[in-house]
Each structure stands twice: as C-alpha cells, then as structure tokens.
A.B. asks: 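My structure is below; once you've seen it, I'll send some questions.
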Amino acid sequence: MLTTRMAWLIQTGQASPFGLLAVTFTNKAAREMVTRVSSLLPIDTRGLWIGTFHSLCNRLLRAHHRDAGLPQSFQILDTTDQLAAIKRLIKGANIDDEKYPPRDVQRFINHAKESGERPGAMEAYDNHTRRMIEIYELYEAQCQREGVADFPELLLRAYELLSRNAPIREHYQRRFRHILVDEFQDTNTLQYRWLTLLAGGGASLFAVGDDDQSIYAFRGANVGNMADFERDYARGTVIRLEQNYRSYGHILDAANALIEHNSGRLGKNLWTSQGAGEPVRVIEQPTDGMEAQWVVDEIRAQINEGRERREIAILYRSNAQSRVIEHTLFTAGIPYKVYGGLRFFERQEIKHALAYLRLIANPDDDTSFLRVVNFPARGIGARTMETLVDMARADGASLNATVARVPGKGGSNLIQFVRLIAQLAEDTRQLPLPEAVEHVIEHSGLLQHYRGEREGAERIENLGELVTAAAVFSGEDSSHGLPSGLPRPVDDSVSADIDAAPNLAAGLSPLSAFLSHASLESGDNQAQAGEDAIQLMTVHAAKGLEFDSVFITGMEEGLFPHENSILDASGLEEERRLMYVAITRARERLTITLAQSRMLHGQTRYAMRSRFLQEIPEQHLKWLSPKVAAPRMQDNAWGGSRQGDAFGRAATGRIAPRESRGVTTGVTVGDQHFRIGTGVRHARFGEGTVLGLSGSAQDAQAQIQFRDAGMKTLALGIAKLEIVS
DNA sequence: CGGCGACTGCTTTTT
DNA sequence: GCAGTCGCCG
C-alpha cells in the first residue's frame with residue numbers, strides 16, 4: 001500500500017526518492033518496505049528514508065547532537081537498561097522503593113515523555129505525583145550526566161530539536177515533501193505531533209491504519225490520532241479499504257459482527273468476493289490439556305489432508321498458554337515454532353558482551369559498568385560497590401572515575417577491572433569491528449566463564465553470533481548509512497544534514513554505530529525461516545500475518561477477554577479488537593477452542609465461555625462439541641445493571657453446568673452450591689457473580705465480579721456469601 | 001562474597 | 001508453574 005504509493009509518486013515525477021520519508025513501527029516492516037520498493041523501482045534504495053520512528057530520530061540526534069544537547073556517541077538504553085538505571089537512582093537517592101516501585105516510576109516517566117512532558121512543566125495535585133516528577137527530574141539529570149538516552153527520549157529529544165530550532169525544522173520540512181506512515185493506529189501522541197511538525201511546511205502526509213486493529217493502547221498508542229488526523233487535515237481524503245482478498249465470507253462476517261459491538265469506530269465493513277467458505281468451527285473441551293490434544297489431533301488430520309505446517313497457526317491471548325500446547329505438540333512429534341520470547345540482543349550473554357563494548361566506547365557509562373564490574377566474578381561485592389557508588393555520587397563523577405579512591409582489597413580489584421577495560425580499549429583500537437568484538441569476548445573473561453557453565457554452550461554460540469552480527473553490520477553499514485553519490489539539497493544554515501552523519505560517516509566510530517544498531521534493532525526472535533513448522537504465537541504477535549488455517553485457543557471469560565481488561569469499557573473494546581485481529585488472520589479455516597478448566601498460576605481455574613462467542617451470530621459458527629443447552633443466566637445477575645456496564649453483558653454468558661470426566665464446574669461449601677455464574681451477595685462488597693472457581697472443597701476460592709466493588713477472590717469457606725440466584 | 005532456598009507475583013510488546 | 005528477587009548462611 002505505502003510502497004505502491006511511493007513507487008507511483010516517484011514514477012510520475014511528483015517526488016524524488018530523496019524527498020520521501022516513510023515511517024514504520026518495526027525494523028522488520030521497514031526492511032520489507034525497502035525490499036518492496038526496490039522490487040517495484042530500479043532505484044538506489046540507499047537514497048530512501050525509510051525507518052522506524054526511533055531509528056529516524058536517532059539519526060536526527062546524531063547529526064544535530066550539539067543542538068540536541070547530547071554527546072555524539074550517546075548510548076541508547078533499552079527497556080531493561082532503563083529499569084536498571086531507575087533502580088540505581090532510587091537506591092542512590094534513598095527513595096523508598098516500596099512506595100515508588102521502579103516499574104511504576106519507569107511507566108510514569110515513559111508515559112510523560114510519550115505525552116511530550118518534561119518534569120519542569122508538569123503539575124502535580126498530590127504528593128505522590130509530586131515525588132514522581134522529582135524522580136523523573138533526577139532521572140533526566142542522571143541520563144544527561146551519563147550521556148544516555150532511553151527509547152522515548154529519542155522521540156522527545158528529536159521532537160524538541162525540530163520544534164525549537166527553526167532552521168533545522170525548516171530544512172527538513174523543505175526536504176520531505178511526502179511523509180508516509182504505516183500502522184497509523186499505533187502512533188502515540190508524541191509521534192503524531194512529530195509527524196505534524198515535520199509535515200508542517202505543507203508536505204503531504206499519507207497515513208494507513210485500521211482503527212479496528214488498534215491493540216496497543218496499553219503501551220501508549222492513541223487511536224484517537226486517526227480521528228484527529230481526519231479533523232486536522234480536513235482537506236485530506238479518506239479512503240476506506242473494505243475489500244478483503246484474504247479470508248472467506250463466514251470468517252469476515254464473524255469478524256464484522258463481533259467488532260460491531262464496539263462503539264466509536266470510524267466504521268467499515270469488510271467484504272470479499274471469494275464466497276462464504278466454511279463456518280467458523282468451535283469446540284469446547286473439559287481441560288486445557290484436552291483442548292491442546294484436540295488441536296494437535298486436528299492439526300495432524302489437516303496435515304494428512306495436505307496442508308503445510310507453516311500455514312497453520314495456533315494463537316493465544318497470553319504466553320503462559322503456550323506451555324501445554326508446546327508440550328502436546330512435542331509429545332506428538334510435530335515440529336512447531338514459537339514466536340516471541342527473548343530476542344537476540346536481549347540475551348544475557350549478549351548484553352554482557354555489549355556492556356564491555358560500551359565501556360570501551362564510553363568508560364563513564366555507569367549502567368554498563370555495574371552490569372559487568374563483577375561478571376564474571378572478580379571479587380567485587382556489594383560492600384565495595386556501595387562505597388564506590390557513594391563516593392561517585394558525592395563527587396558527581398562516574399564510577400569509572402572514582403575507582404582509584406576506593407580503599408582496601410575491593411578497591412584494588414576495582415582498579416584491576418578498570419585496567420582491564422582500558423587494556424581492551426587499547427587492544428581493539430586498531431582492529432576491524434568484528435575482530436574487536438571477538439577480542440573483547442575472549443579477553444573479558446566472558447568466554448571462559450561460559451565454558452565452565454553447564455548450559456554455557458548455547459551462550460558461547462550466541463557470542464559467536466554477535467561476532468557475525470558485527471561482521472554483517474560492518475559490511476552493510478555503507479549501505480545502511482546512506483551517504484551515497486545522490487545529489488542532495490544543500491542548505492547553508494543546516495550544515496549537518498542527516499545524510500551527512502547517519503552511522504559511520506561524520507566521525508561516529510564503527511563501534512558506536514554498531515552499539516546503537518544493537519539497541520535499536522533487538523534482533524529476530526529465533527524464528528528461523530524455511531522450516532515447515534506449526535506457528536505458535538500470541539494474538540498480538542500475529543497482527544499483520546495470515547495463515548490458511550488458524551486456531552484461536554482459550555476462548556474463555558477472564559482469559560480472552562483478559563480479566564484485567566474487562567473492568568472498563570475501553571479495555572474490553574481493545575480485547576474485542578484483539579479478537580477481531582485474531583479472526584481475520586485466517587484465510588480458509590478458523591477454529592476457536594476453549595476449555596472449561598485450566599491450570600493458571602499453579603491453580604485449576606474454571607471459567608465460562610467468552611462473551612465474544614455470543615457476539616458472533618450462530619449462522620457463522622459450527623459447534624463441533626455438543627453445545628450444551630445451558631440455562632441462560634438471568635440477563636441481569638444483579639437486577640438492573642447499569643447501561644453500558646460491560647459486565648451486564650458478560651452476565652448473559654452461558655454456563656457449562658455438566659460434570660464431565662472428573663471436572664466439576666461447581667463446588668459445595670456448607671449447604672451452598674456455587675457454580676460459575678452463581679449470583680451472590682456479600683455484606684461488604686454487595687452483589688456479584690461468580691466468574692471462576694478454584695481449589696477443592698476445603699479451600700475452594702471463587703473469583704467474584706462485584707457490581708460495585710470490582711473483581712475479588714474470596715475463600716468460600718471464610719467469606720460469608722448469600723446466594724441470590 | 002557468593003550460592004542457594006524461600007517468597008512473590010503474574011496480559012499483551014516494539015523501539 | 002515459573003521466573004525473578006531477597007535474605008540468610010557458609
């Protein structure tokens with residue numbers, strides 16, 4: 001879509017490749033875009049500005065680092081590094097980490113940055129927020145001192161650079177006459193502002209997005225940007241893409257009907273000319289284990305019918321669900337591939353090696369210092385480190401600079417460490433990047449450490465891969481970096497165009513360039529292409545993919561929609577969009593499965609069918625398991641549920657009353673029999689409905705959704721509950 | 001200082 | 001059920 005437009009703009013002479021800016025969210029999407037454009041047009045793709053928000057901002061900041069107030073070789077903190085930095089700050093400033101948990105602080109800071117807010121300009125109406133803002137301020141100072149920038153900082157800095165510096169802003173505004181954005185529904189507030197700022201010189205802004213596929217609100221995405229875009233660019237044209245070339249009719253109709261239950265959509269209705277196909281198949285099994293077994297048996301049958309394994313996907317709402325499925329597939333001897341999980345540059349051994357490299361590039365990088373100062377162990381313990389950190393704090397100096405003054409044995413060990421870093425720096429100064437990386441791995445002690453470890457073989461292999469990655473990067477960088485023979489507009493007021501200083505050019509060392517590459521590109525998550533295997537992934541990870549045959553598993557209240565999301569309408573609507581995404585992944589065959597009970601958090605839990613099944617009209621469904629004619633729960637479990645109360649609708653869910661193969665859906669405590677769906681009254685919490693049961697008779701617990709008091713888990717033997725329905 | 005056993009808490013995820 | 005963190009003990 002975007003690529004076709006780019007090709008068209010260039011071919012019709014409306015734009016030069018040089019005047020285009022295309023933004024994506026993932027490196028993968030950016031790479032795909034480059035590949036597709038180059039297949040459409042015989043142009044030098046090195047002249048194209050296609051990248052993620054973060055990589056483009058990174059380039060801007062490297063090129064204009066002085067105006068942005070950053071050292072040219074600033075390091076990028078990934079999420080884990082950022083958390084470590086915050087923990088260190090909280091400890092150092094003697095802040096109560098019970099009251100200000102590092103994770104909460106991190107969320108607060110990132111949220112502020114993504115809203116374009118600096119601590120100085122933030123208002124607090126309570127003490128807790130006030131303190132949070134202070135911590136944010138301290139954190140900023142710490143990052144500035146250490147010359148590091150976290151992910152949201154890249155965006156905010158770049159935005160501030162453009163908005164405050166008119167010559168730079170105007171330079172890029174003149175240059176990029178066409179800005180194209182993919183997956184626009186995933187943009188956050190700051191990203192949208194960044195785009196409108198760049199497009200502010202009258203450039204054309206072209207965005208592709210689907211509000212029904214907005215599933216990242218939890219990380220700051222603002223679907224509202226789509227409506228704002230229509231409003232802000234009133235002259236713009238909205239083109240709805242409703243014809244779907246992927247799925248058969250029943251599948252699309254199911255998706256359409258489901259998403260109709262959401263409010264405030266921009267509105268669209270998918271259709272296909274492919275014919276109805278087969279209805280969506282649904283099956284209910286007593287346990288999660290049997291659900292997995294049924295899926296595996298069914299997959300075996302589909303493979304026998306000639307379907308390729310790679311064309312079959314098993315989707316789930318949360319990663320924890322993959323365990324049983326993997327186990328069952330493994331037992332059955334069917335090859336499978338799990339997407340997600342740790343990515344290459346996030347692996348412990350890789351992060352350790354990178355920390356040594358970062359220290360070589362910048363000895364004042366305290367985060368990296370702390371990471372490897374005692375890894376492998378070299379006799380530097382908590383005591384010594386406490387002394388060092390305190391002294392460094394008192395001086396406002398880096399750890400590296402303070403080492404010499406730490407007394408005792410710890411002090412001399414520290415000096416040894418600093419000497420090691422200096423030695424590594426010297427040894428590698430003249431080496432080509434891959435050899436430098438290899439040298440550091442061998443002489444830092446990492447290799448030796450992992451040789452002595454039981455499960456070290458894989459880690460050593462990965463370290464070898466890091467050398468390969470460095471070699472690939474070195475080979476590619478000239479093309480990565482883009483300075484090519486292309487003519488480019490010269491603007492006297494802005495001497496450092498981003499072309500002039502992407503990676504290798506303009507004095508950024510190969511090492512620094514590689515390190516920023518490693519931070520921005522976290523690497524593949526182990527999905528080796530080519531092998532024909534069943535595809536396992538979360539629904540989130542499945543966005544943008546398609547398969548001939550899709551299984552959506554765990555279709556139960558509390559799981560999908562997730563219990564943490566059903567309490568407010570917006571959370572529930574995001575869950576519904578997630579289900580919409582899941583359904584529309586299937587081309588030919590869609591199978592939805594659910595289990596009456598499953599092992600969750602080490603406990604057996606019972607749940608009822610997902611409300612989403614009720615939201616798909618019967619004519620598009622085909623029940624493969626006997627669809628128990630369960631008594632409908634009273635439409636209002638608590639009589640007179642409020643309008644719009646998401647749970648009012650949940651309460652209409654059917655219950656599975658039968659007992660089968662030892663699995664009960666009810667439990668008797670005292671004289672009272674509780675089942676899923678039972679209406680209860682509690683002296684303090686008021687009226688509610690039993691949504692889940694776990695444990696056995698003596699210590700049975702119930703998850704109860706109270707009308708006013710929210711979701712509670714109560715021990716049935718202790719809580720005094722009155723059954724009202 | 002380091003290793004090991006107890007304790008906790010727990011969607012989704014890219015950069 | 002499992003991973004990550006904490007605190008105690010050798």
Side-chain angles (χ1 to χ4, degrees), chain A residues 23-30 51-58 76-83 87 97-98 101-103 110 113-114 149-156 158 183 186-188 190-191 214-221 288 315-324 326-327 339-343 345-346 348 374-386 408-410 413 516-525 537-544 554 558-567 571 574-575 577-579 581-582 598-605 713:
Chain A
V23 194
T24 62
F25 274 87
T26 65
N27 292 300
K28 190 168 159 236
T52 63
F53 279 101
H54 291 85
S55 69
L56 295 170
C57 288
N58 178 45
I76 299 166
L77 300 185
D78 70 15
T79 313
T80 322
D81 300 333
Q82 184 192 28
L83 187 63
K87 280 182 181 165
D97 64 357
E98 304 248 306
R103 294 201 163 275
N110 288 349
K113 288 187 179 183
E114 278 157 11
D150 57 43
F151 285 134
E153 183 71 26
L154 294 176
L155 290 168
L156 183 52
E183 302 278 9
D186 291 337
T187 51
N188 64 34
L190 180 59
Q191 286 160 339
S214 163
I215 54 173
Y216 287 115
F218 72 91
R219 66 174 196 212
D288 51 351
L315 309 184
Y316 33 82
R317 174 66 180 84
S318 62
N319 285 306
Q321 287 167 253
S322 78
R323 248 181 46 87
V324 198
E326 281 187 70
H327 175 77
Y339 287 76
L342 261 200
R343 284 187 299 273
F345 286 111
E346 290 167 353
Q348 186 209 86
N374 200 32
F375 192 97
R378 42 176 75 88
I380 300 168
R383 247 290 134 61
T384 309
M385 285 314 295
E386 204 175 310
K409 179 131 184 307
N413 286 342
S516 79
H517 165 80
S519 309
L520 287 172
E521 172 109 36
S522 40
D524 289 332
N525 9 352
M537 64 194 84
T538 63
V539 179
H540 281 91
K543 195 174 95 166
L559 240 201
F560 203 175
H562 197 276
E563 61 186 349
N564 295 356
S565 301
I566 41 187
L567 296 181
E574 180 144 318
E575 294 287 317
R577 290 192 293 270
L578 203 46
M579 182 61 182
V581 168
R598 74 173 59 239
M599 199 62 161
L600 210 62
H601 305 319
Q603 272 191 324
T604 306
R605 304 228 309 190
T713 301

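What you see below is based on every heavy atom in this structure, not just the backbone, and it leaves out hydrogens, waters and symmetry mates. Here is how names work: the chains are called A, B, and so on, in the same order as the sequence lines, proteins then strands, and each is numbered from 1.
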A.B. asks: B/dT15 P sits how many Å from A/His54 NE2, rounded?
C.D. replies: 9 Å
A.B. asks: Looking at the side chain of A/Ser318, which of C/dT5, B/dT12, B/dT15 is the nearest nucleotide?
C.D. replies: B/dT12
A.B. asks: Taking CD from A/Gln82 and C1' from B/dT14, how many angstroms apart are they, rounded to a whole number?
C.D. replies: 13 Å
A.B. asks: Could you walk me through whether A/Gln321 and A/Ser318 pass the side chain to side chain donor-acceptor pair (under 3.5 Å) test, one step at a time?
C.D. replies: CA-CA 6 Å; A/Gln321 287 167 253; A/Ser318 62; 3.3 Å; yes
A.B. asks: Taking atom P of B/dT13 as reference, at what distance in whole Å does atom CG of A/Asp150 sit?
C.D. replies: 21 Å
A.B. asks: Over all strands shown, is A/Asp186 touching base, sugar-phosphate only, or nothing at heavy-atom distances under 4.0 angstrom?
C.D. replies: nothing
A.B. asks: Once you apply a heavy-atom cut-off of 4.0 Å, does A/Lys87 come out as touching a base, just sugar-phosphate, or nothing?
C.D. replies: sugar-phosphate
A.B. asks: Whole angstroms only, please: what is the CZ-P distance between A/Arg219 and B/dT15?
C.D. replies: 8 Å
A.B. asks: By the 4.0 Å heavy-atom rule, please label A/Phe25 as base, sugar-phosphate, or nothing.
C.D. replies: sugar-phosphate
A.B. asks: NA contact type, A/Tyr216, heavy-atom cut-off 4.0 Å: base, sugar-phosphate, or nothing?
C.D. replies: sugar-phosphate
A.B. asks: Taking only side-chain nitrogens and oxygens of A/Arg103, does any of them come within less than 4.0 Å of OP1 or OP2 of B/dG9?
C.D. replies: no
A.B. asks: Taking the side chain of A/Arg323 as its heavy atoms from C-beta onward, which of B/dT15, C/dC2, B/dT11 lies nearest to it?
C.D. replies: C/dC2
A.B. asks: Describe the nucleic acid contact of A/Thr79 in one word from base, sugar-phosphate, nothing, applying a heavy-atom distance below 4.0 Å.
C.D. replies: base
A.B. asks: With a 4.0 Å cutoff (strictly under), does any side-chain N or O of A/Thr538 reach OP1 or OP2 of B/dT13?
C.D. replies: yes
A.B. asks: Could you tell me whether A/Arg323 and A/Glu326 make a salt bridge, using a distance below 4.0 angstrom between a side-chain N and a carboxylate O?
C.D. replies: no
A.B. asks: Establish, with yes or no, whether the OP1 or OP2 oxygen of B/dT13 is under 4.0 angstrom from a side-chain nitrogen or oxygen of A/Asn319.
C.D. replies: yes
A.B. asks: Under 4.0 angstrom, heavy atoms only, what part of the nucleic acid is A/Leu155 near: base, sugar-phosphate, or nothing?
C.D. replies: nothing
A.B. asks: Using a 4.0 Å heavy-atom cut-off across all strands, classify A/Glu575 as base, sugar-phosphate, or nothing.
C.D. replies: base
A.B. asks: Is the base of B/dT11 syn or anti, if syn means a glycosidic angle within 90° of 0?
C.D. replies: syn
A.B. asks: At less than 3.5 Å, do the side-chain atoms of A/His562 and the base atoms of B/dT11 form a donor-acceptor pair?
C.D. replies: no
A.B. asks: Mind calculating the distance between CD (A/Glu563) and P (B/dG9) to the nearest angstrom?
C.D. replies: 16 Å
A.B. asks: Between A/His517 and A/Phe345, how do the two ring planes meet: parallel, tilted or perpendicular, split at 30° and 60°?
C.D. replies: perpendicular
A.B. asks: Please state the P separation for the pair C/dG4 and B/dT13 - nearest whole angstrom.
C.D. replies: 16 Å
A.B. asks: Touch check for A/Asn27, heavy atoms < 4.0 angstrom, all strands: base, sugar-phosphate only, or nothing?
C.D. replies: sugar-phosphate
A.B. asks: Just compare C/dG1, B/dT12, B/dT15 and give me whichever is closest to any side-chain atom of A/Phe151.
C.D. replies: B/dT15
